[in-house]
Amino acid sequence: MGEAFTTAGGRRRGRILAVEPGHHLTGEIMGAVLSYVLVPDAGNGTRLLLKVVMRTNPVIALGGCLGDLVMARRQLLNLKRLAESGDGPAR
């Protein structure tokens with residue numbers, strides 16, 4: 001724990017708060033806590049959920065949600081593509 005959560009422009013950002021392999025990855029960046037959670041579904045597959053928690057005022061929250069919606073959707077679709085193609089990082 002405590003390792004960089006992500007990088008942007010070659011700089012480390014945020015920090016990893018908790019990891020449970022095969023279940024979730026939780027990190028903190030810019031005052032927000034993000035959890036990527038794997039949830040088994042009834043069709044013998046897995047759903048990837050992104051949970052974001054942040055304390056702020058309603059105006060900033062609305063702006064943040066709209067901006068994050070675009071970025072998170074693109075990120076989750078990219079992760080889906082990688083998972084389904086088998087082109088993910090080597091283990």
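What's counted below: heavy atoms across the whole structure, side chains too, no hydrogens, waters or symmetry copies.
- One hydrophobic cluster, built from ILVMFWY side chains closer than 4.5 Å, holds both Val52 and Val19.
- Rounding to the nearest 0.5 angstrom, the gap separating the CG atom in Leu34 from the CG atom in Leu17 is 9.5 Å.
- The cluster map of Ile, Leu, Val, Met, Phe, Trp and Tyr, joined by side-chain heavy atoms under 4.5 Å apart, puts Val53 and Val39 in different clusters.
- Residues that satisfy the salt bridge (Lys or Arg N to Asp or Glu O under 4.0 Å) test with Lys80, not counting sequence neighbours, are Glu84.
- Applying the side-chain hydrogen bond (donor to acceptor under 3.5 Å, both in side chains) definition to pairs two or more places apart or across chains, none involves residues 9-23.
- Between His24 and Ala18, the shortest heavy-atom distance links the atoms CE1-CB, 3.7 Å.
- Shown here for Thr26 and Ser35, the closest heavy-atom pair between the two residues is OG1-OG, 2.7 Å.
- Residues Leu38 and Tyr36 fall within the same hydrophobic cluster, defined by Ile, Leu, Val, Met, Phe, Trp and Tyr side chains chained together at heavy-atom separations under 4.5 Å.
- One hydrophobic cluster, built from ILVMFWY side chains closer than 4.5 Å, cannot hold both Leu49 and Met54; they sit in different ones.
- Leu25 and Ile29 end up in the same hydrophobic cluster when Ile, Leu, Val, Met, Phe, Trp and Tyr side chains are linked at under 4.5 Å.
- Applying the side-chain hydrogen bond (donor to acceptor under 3.5 Å, both in side chains) definition to pairs two or more places apart or across chains, none involves residues 40-54.
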